[in-house]
Amino acid sequence: MPVRNLDQDPISELEREMIADRITKMTRRGMVMGAAGIGALAATLGVGRGNTAASALASVGLLPEDLPAKNFRAATVEVLGASTWVSHGIETAAFYGSLLGIDVQSFDGEGAAENQLAQLEAIANEDWDFVAVHPASSDALIDGADAIIAKGVPFIVMDTRLIQDEAAFSEYGHLTYIEPDNIYMGSTVAVELFKAIGGEGQVIHTQGALGHTGAQGRAAGFNQAVANYPGIEVVDETPANWLQEEASTLWQDLLQRYPDVKGGYFHSDDMALAAQAVVESAGLQDQVKLVGVDGLKNACQAILDDKLTASVINPSGRIHGGAIWAGYLTVSQTDNSDAPVPKFIRADGGPITKSNAAGYIWLHDNYQY
Amino acid sequence: MAQGIPQPIGAPAGERRASGDLGNRVLRLASRNARLIAPLTTLIALFVFFSLVTDVFLSTRNFQNIVSQIGPVAVAACGITFVLLCAEIDLSIASVATFTGVLSAYIFGNSWEMFGITLNLGVWGVLVAAIVAAGIGLLNGFFVAYVGIPSFMMTLAMLTIAAGMAEYVTKGRILPAASVPGELQDLASAGNRFLGIPYIGIVALAVLIVSDVVLSYTKFGRYVYMTGGNREAAEMSGVNTRRVVMLSLMVAGFTAGLAGMLFTGRLHNANPAGGTELLIQTIAAVVLGGTSLFGGEGGIKNTFIGLLIFGILSNGLNLIEGLSIHFKDALEGIILVGALLLNVLALRLERVQTRAD
């Protein structure tokens, strides 16, 4: 089921207005920064509707002047539209598509690999300039991907490996694979938690779905950090399967079982925020410190409000924006790099604490991560 | 006694044959009330088990936790009881709950310019969302009862529509605490209590009582049982079964909406991807309590017991020290199967007794 169509969807039309408004604001500020800041630079050069950032970039020599006249058409197949992380990614892809003159249409797999496979098969029967997918599970989408790649359409994989076997995947025909570092994210934010509780005490580790590679990486990172803190006692590792209701119920019970708990580490900020409501209801907000993973706006705000101690960036925007850039530079043959797009791109990000959360909210609102 | 199709006035024939044997009479009474006694036995067994194997299960705080955890499920379960008693199903309740929750937050957090007037409904958005939820249920009911779409398919379609609407309203994002009416957060927060009972538990109890009164003591309630027990017979008796089905589905939509708003208040945010487990939890609790999936048998008392089983089981397993997280789900399933087996055995006993009578 398509969830966004920039040309037809009235919401997208509104978003276009929003983007144009944002671009105007950016122009006023003369914003020039970073890799994704290239888009903003384009904005400063007078990007408007029907006038792409690519041509603006070309005018200052960042892209060739003989840019293709055509507007491109790209599809992203998302894992679950109704999630904060994915929705931010969809908006980011639409934002960069708007800047570059790409009609980006996103499809919602609604959490099911079988839906995504059907969507990829349908995409393979149409004409697209490039396709990006965030697989619901590894190995399930290979048939659909094969059909698209066989047509010569650049195929980009986001966040989760298309093929479980790492060696086999490195030889596969995709353009590139953009992935966050789950182990790094887990260990980084766990260290922030342990520092906040003085390096000792009972800690609850609330996991995502155990079969999810992201959850496995975040658990591995957490365990790496725990190994360096002998005073930390991990008292529970029950998964809440990414669900807020489960996290809420679980934490109500665990606060009964472990009244002296000092910290909670969650595989997602959404679960952490659900538990935070429980901790606050129990009047334990001064005793129990909580950290999560993803670092999107809601978590940044919660950190500023002293509801969460820390989070870590899982750069949804950079992964989706990177996919659009990689696809565009390839099909327009305007890549500045001498080498072809590498098969693997790491998209990482640092910890978010009260000292830097406001800055990350700004970057988030402008699709910079 | 578990409720069913209204019984003939006076004692059954078997009871009129006075046996004089107290044991037999107790056994016969138990057999006839098996639909209620079986889940009650499960409930007592679980209660005793968790009391023995955990040291915090029997604490007041833990009971408060259980009450606040099953509160939203209890509210939704009331509506599902109506629908199951009609021998219908409503698969859309979880999505309707989610949509209603995010809609109430969306209305609360936004204002609109209309004819030069700024319209800001604030907390009254809760009322609007509740009416929308009832409207969705009514729509379900209309298409099922009057158009003839099977409830399974109609509510499956509505599940998708409501989930899509929740995503559309929020654009996939979680609406934060500032978007959720403070009154709703106060009502659903486990920490807010009256005489030690969480407010959310009092709300759930009120909905359970009203539902029980409607089903047990009103003409409409009697029609619900008749419609589910034997629709043709009910129609021949003059019952407008289509109307009964439609209104039952409307009740389910309304209670799902209330449950969704309670979830929103409890979690202090409105999550378009939330509430996914509500459907399974609700139907499981209702059926565990002894209400038949095929209509006409059961009732709110059964639902209440089923909710307690479900709540205590979920809570108790989280309290057992040393229980492998990899085995917890399997153990929960095994216990549920055991409880259902007990229900089935008891129902067979009930049938045997009915024939004997």
Side-chain angles (χ1 to χ4, degrees), chain A residues 1 3-4 9 11 14-15 78 80-91 106 108 110-111 205 207 210 235-239 241-259 269-270 273-278 280-283 296-298 301-302 305 307, chain B residues 54-57 59 61-62 64-66 68-70 72-73 98 102 160 163-164 166-168 170-178 180 185 188-192 198 263 265-269 271-278 281 311 314-321 323-326 328-329:
Chain A
M1 181 178 68
V3 294
R4 279 298 144 78
D9 189 340
I11 286 294
L14 280 173
E15 283 171 356
E78 305 291 347
L80 179 65
S83 80
T84 310
W85 194 88
V86 172
S87 66
H88 183 62
I90 290 172
E91 285 185 16
S106 293
D108 187 358
E110 297 173 349
H205 172 195
Q207 306 192 66
L210 294 178
V235 293
D236 189 275
E237 296 192 295
T238 303
N241 301 309
W242 310 115
L243 299 173
Q244 288 201 313
E245 292 88 343
E246 269 195 54
S248 171
T249 299
L250 179 68
W251 267 72
Q252 258 191 330
D253 296 340
L254 293 180
L255 288 178
Q256 282 290 291
R257 193 163 124 194
Y258 304 109
D269 291 327
D270 289 348
L273 288 167
Q276 192 278 331
V278 173
E280 200 171 302
S281 286
L296 294 174
K297 187 175 181 177
N298 57 345
Q301 192 58 54
D305 296 341
K307 291 178 184 296
Chain B
T54 76
D55 50 0
V56 294
F57 178 77
S59 67
R61 177 73 185 279
N62 194 52
Q64 289 167 339
N65 281 350
I66 293 172
S68 64
Q69 287 165 11
I70 64 174
V73 182
T98 301
V102 300
T160 309
E167 194 179 329
Y168 179 78
T170 60
K171 290 192 207 166
R173 292 182 182 280
I174 294 176
L175 303 179
V180 180
Q185 297 187 47
S189 175
N192 294 330
F263 265 128
R266 183 169 144 74
L267 296 173
H268 299 231
N269 66 38
N271 185 347
T276 50
E277 305 245 296
L278 184 66
Q281 288 175 343
S314 167
N315 167 265
L317 288 176
N318 281 337
L319 300 178
I320 298 178
E321 293 226 25
L323 177 63
S324 165
I325 59 170
H326 303 292
K328 197 182 282 181
D329 284 349

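What you are looking at is a predicted structure, and each value in this text was computed from that prediction instead of being measured.
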| message | So which atom in Leu319(B) and which in Gln256(A) form the shortest heavy-atom distance, rounded to 0.1 Å? | response | CD2-CB, 4.3 Å
| request: Could you look at Asn65(B) and say if it's the side chain, the backbone, both or neither that has a heavy atom under 4.5 Å from chain A? | output: both
| field | Which atom of Ser87(A) lies closest to which atom of Arg173(B), heavy atoms considered | value | OG-CG, 3.5 Å
| Part of Thr170(B) lying under 4.5 Å from any heavy atom of chain A | neither
| note | Per-residue tally against chain A (heavy atom, under 4.5 Å) across Asn62(B), Thr276(B), Asn269(B), Asn318(B) peaks at Asn318(B)
| said: To the nearest 0.5 Å, what is the distance between CD on Glu245(A) and CD on Gln69(B)? | reply: 12.0 Å
| field | Selection from Lys328(B), Glu277(B), Arg61(B) maximising heavy-atom pairs under 4.5 Å formed with chain A | value | Arg61(B)
| Heavy-atom proximity to chain B below 4.5 Å, by part of Gln207(A) | side chain
| Distance (rounded to the nearest 0.5 Å) between Thr249(A) OG1 and Ile66(B) CD1 | 11.5 Å
| message | Under 4.5 Å from any heavy atom of chain B, what part of Gln301(A) do you find: side chain, backbone, both or neither? | response | neither
| query | Of the backbone (N, CA, C, O) and the side chain (C-beta and beyond), which part of Leu243(A) lies under 4.5 Å from a heavy atom of chain B, both, or neither? | reply | side chain
| How long is the span from the CZ atom in Arg266(B) to the CD atom in Gln252(A), to the nearest 0.5 Å? | 4.5 Å
| remark: Here the pair of heavy atoms bringing Ala82(A) nearest to Ala273(B) is O-CB, 2.7 Å
| Between Ser83(A), Ala275(A), Ala247(A), Gly283(A), which has the largest tally of heavy atom pairs under 4.5 Å with chain B? | Ser83(A)
| query | Where does Leu210(A) contact chain B at under 4.5 Å (heavy atoms): side chain, backbone, both or neither? | reply | side chain
| field | Selection from Pro176(B), Gly316(B), Ser324(B), Gly274(B) maximising heavy-atom pairs under 4.5 Å formed with chain A | value | Gly274(B)
| task | Please tell me if the side chains of Ser248(A) and Leu267(B) come closer than 4.5 Å, counting only heavy atoms from C-beta onward. | result | yes
| task | From the options Leu273(A), Asp270(A), Leu296(A), select the one residue that forms a side-chain contact (heavy atoms from CB on, under 4.5 Å) with Ile174(B). | result | Asp270(A)
| message | Return the NE2 to OG distance between His268(B) and Ser281(A), rounded to the nearest 0.5 Å. | response | 4.5 Å
| request: Go through Val56(B), Asp55(B), Thr54(B) and name the one with the most non-hydrogen pairs under 4.5 angstrom from chain A. | output: Val56(B)
| Side chain, backbone, both or neither of Leu175(B) within contact of chain A (heavy atoms, under 4.5 Å) | neither
| said: I want to check something: taking the side chain as every heavy atom from C-beta on, are Glu91(A) and Lys171(B) in contact at a cut-off of under 4.5 Å? | reply: yes
| request: Any chance you could measure Tyr258(A), atom OH, to Glu321(B), atom CD, to the nearest 0.5 Å? | output: 4.5 Å
| Leading residue by heavy atom contact count with chain B [cutoff under 4.5 Å; candidates Leu255(A), Leu254(A), Thr238(A), Asn298(A)] | Thr238(A)
